[in-house]
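Since the structure comes first, as structure tokens, the remarks are kept for the end.
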Amino acid sequence: MGTFKGQVAIVGIGEVPTGRFPERSAIYCAVKAAQLAIADAGLHKDDIDTVIPTTALYNAKFNTDLVTGRIVEELGLRVRNNLQLFAGGATSAIMLKVAAGLISTGVSDAILFVHADKLGSGVSGQEGIDLFSTAGISKEWEVPYGLHYSAVAGLITQRTMYETATTAEQLASVCVSNRKWAQLNPLAMFRKPLSIEKVLNSKILSSPLHAYESNMLADGGAAFIVTSAQRARTLSERPAYLLGEGSRVTHFALSQEPDMTRFGYAAAAADAYAMAGLSPADIDLAELYDSYPIFQLIALEELGLCARGEAGSFVLAGHTWPGGKLPMTTNGGMLSQGHTGAGGGISILIEAARQLMGKAGERQVPNARFAIETATGGTYVDAHVTLLGNEIP
Amino acid sequence: MPAKPLPPTDPWTEPYWTAARQGKLLIQRCKTCHHYVFYPRLVCPHCGADALAWVEATGKGVIYTYSVVTNNPPSAFMADLPFVIAVVQLAEGVRMMANIVDCDSAALHCDMPVEVTFEARSDEITLPQFRPQR
Ligand SMILES: [Zn+2]
């Protein structure tokens with residue numbers, strides 16, 4: 001495996017508020033987020049030579065517009081390449097790898113990545129459930145049994161509670177941790193205080209999963225710009241360098257996952273740490289993909305940030321909250337910022353860059369140097385681990 | 001309410017569905033590396049050989065994990081609430097998704113012994129399902 005350590009960096013980020021905005025079109029979100037990212041990078045639109053939109057799930061026709069260059073034309077870009085890149089929830093991690101490949105080989109110099117979707121107001125609640133009861137779920141072997149994403153989370157949570165003695169209170173505390181961060185995030189969908197009692201008193205969707213432990217589909221748009229480390233240094237005092245990455249794909253059909261309490265995170269993290277020359281003790285920020293609280297607990301343990309079975313008590317003790325020793329998912333995650341499709345993971349990646357660049361405002365984690373980030377798609381088919389830093393160790 | 005979904009079958013999975021209609025649970029076994037395989041494949045996912053044979057499973061297994069669905073299911077399953085979805089590990093070692101039927105959902109637990117039973121969903125399609133071992 002090659003190394004991308006310190007070769008490329010995120011130099012600009014842009015994001016529009018996440019939530020339900022029936023009057024706000026998806027192309028508006030795409031254009032605004034891109035414009036913000038270009039300005040944040042201190043670049044001119046003509047500096048972008050490649051634009052890579054990801055897939056919008058709410059409307060296939062709008063998505064085809066993105067594939068065929070609508071963002072290029074709306075923004076008046078002068079690019080050599082427009083292409084779509086999509087790996088479900090893992091899109092963010094794949095984007096960074098592709099950026100590193102294209103930039104280190106000289107194919108591209110400045111790449112604009114864009115996401116926009118309208119899953120909050122563009123589809124009804126039941127349409128959203130039905131969309132996600134077939135997306136990434138085996139039509140022959142699992143759809144006939146009524147598998148859907150709440151049940152996916154229920155199955156994984158149940159087995160993990162059985163093997164590790166993780167408690168319902170600990171799982172609820174993950175939602176509270178995310179909400180405490182979202183209260184400091186003006187772009188988040190849910191910003192009212194949330195308590196463990198409120199989570200545990202909400203209805204069960206698919207046992208042991210409570211309603212407040214389920215993400216909410218939302219409208220949103222996000223963009224970021226990646227360029228070479230050399231150029232990044234001329235644009236920004238503190239760019240977010242890509243330091244390491246690792247990944248494993250472990251299943252397609254959920255029933256075929258060998259270990260639903262671990263997935264591929266440990267091996268992916270080992271690769272990422274080795275590439276970066278970092279260890280869990282160096283990590284200042286854990287920007288972990290949520291969608292459901294169990295995945296943050298599994299990641300904390302498998303990434304070596306907590307011992308097996310101890311992530312739940314770690315979160316319950318408040319260590320991941322604002323002011324805690326290991327700030328986690330500091331935009332509020334999909335549980336509180338909202339789930340915009342492929343954008344859920346992109347927002348978490350952008351948050352990691354925002355913190356490292358010192359642009360996180362009220363929720364800025366002081367002196368954050370190194371962040372670890374996770375991403376995963378479908379029924380948690382792949383485990384991606386990315387290490388970013390505002391210095392190259 | 002839409003009808004409950006039927007599996008789109010493939011030519012190489014037809015023996016599985018034909019057997020299910022007759023109340024038998026078939027899985028595959030590789031003639032080269034001898035691993036059991038589920039779901040039915042074109043090639044062995046362990047060694048890559050093109051030599052998968054059908055064998056009848058014991059139909060016994062344990063619940064690897066389960067979830068009792070009580071709210072927000074796919075539209076076609078609204079009338080079934082509450083229902084149990086589970087990953088069952090067969091005695092042969094392979095795992096499959098199924099519903100746990102004829103059970104007290106409060107008594108379920110991981111690693112609970114279960115056995116196969118069959119649900120005729122249409123004239124053509126019978127789904128293997130599982131219930132607590134008696
Ligand atoms: Zn074989």
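Every heavy atom of this structure was used, including side-chain atoms; hydrogens, water molecules and symmetry mates were not. Numbers restart at 1 for each chain; the letters A, B, ... are given by sequence-line order, proteins then strands.
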As an exercise: rank [options] by heavy-atom pairs under 4.5 Å with chain A and give me the winner.
options: B/Lys4, B/Arg95, B/Met97; value: B/Met97
options: B/Ile125, B/Val68, B/Asp10; value: B/Val68
options: B/Pro82, B/Ala76, B/Pro40, B/Ala86; value: B/Pro40
options: B/Val87, B/Asn72, B/Val88; value: B/Asn72

Which heavy atom of A/Gly154 sits nearest to which heavy atom of B/Ser67, and what is that distance?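 Residues A/Gly154 and B/Ser67, closest heavy atoms: CA-OG, 4.0 Å.
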Do [X] and [Y] make a side-chain contact, defined as non-hydrogen atoms from C-beta onward lying under 4.5 Å apart?
X: A/Leu147; Y: B/Ile85; result: yes
X: A/Arg159; Y: B/Tyr66; result: no
X: B/Gln129; Y: A/Tyr145; result: yes

Distance-only polar pair, side chains of B/Ser75 and A/Gln126, donor-acceptor under 3.5 Å: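 Note: B/Ser75 and A/Gln126 side chains meet the donor-acceptor criterion.
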So which residues of residues 374-382 of chain A are in contact with chain B at a heavy-atom cut-off of under 4.5 Å?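 Answer by number: none.
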A/Glu140 and B/Thr13: CA distance, side-chain angles, deciding distance, side chain to side chain donor-acceptor pair (under 3.5 Å) verdict: CA-CA 10 Å; A/Glu140 187 166 6; B/Thr13 66; 2.7 Å; yes
Pick from A/Tyr149, A/Trp141, A/Tyr162 with the largest number of heavy-atom pairs that fall under 4.5 Å of chain B: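 Among the listed options, the one with the most contacts to chain B is A/Trp141.
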Region of A/Ala211 that comes under 4.5 Å of a non-hydrogen atom in chain B: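 Neither part; nothing is under 4.5 Å.
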Tell me, side chain or backbone of A/Glu257 under 4.5 Å from chain B's heavy atoms, or both, or neither?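 Answer is backbone: N, CA, C or O of A/Glu257 sit under 4.5 Å from chain B.
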Gap between atom [atom2] of [Y] and atom [atom1] of [X] - 0.5 Å precision:
X: A/Ser214; Y: B/Asn71; atom1: OG; atom2: CG; answer: 11.0 Å
X: B/Leu6; Y: A/Lys139; atom1: CG; atom2: NZ; answer: 14.5 Å
X: B/Phe38; Y: A/Ser255; atom1: CZ; atom2: OG; answer: 7.0 Å
X: B/Thr65; Y: A/Gln158; atom1: OG1; atom2: CD; answer: 5.0 Å

Of the backbone (N, CA, C, O) and the side chain (C-beta and beyond), which part of B/Phe83 lies under 4.5 Å from a heavy atom of chain A, both, or neither?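 Contact with chain A involves the side chain of B/Phe83 alone.
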Criterion side chain to side chain contact (heavy atoms under 4.5 Å, CB included) on B/Tyr39 and A/Gln256, from CA distance to verdict: CA-CA 9 Å; B/Tyr39 48 93; A/Gln256 304 305 299; 3.9 Å; yes
Check this for me: A/Tyr212, atom OH, are more than 12 non-hydrogen atoms of other residues, nucleotides or ligands nearer than 6.0 Å?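 12 or below, so no.
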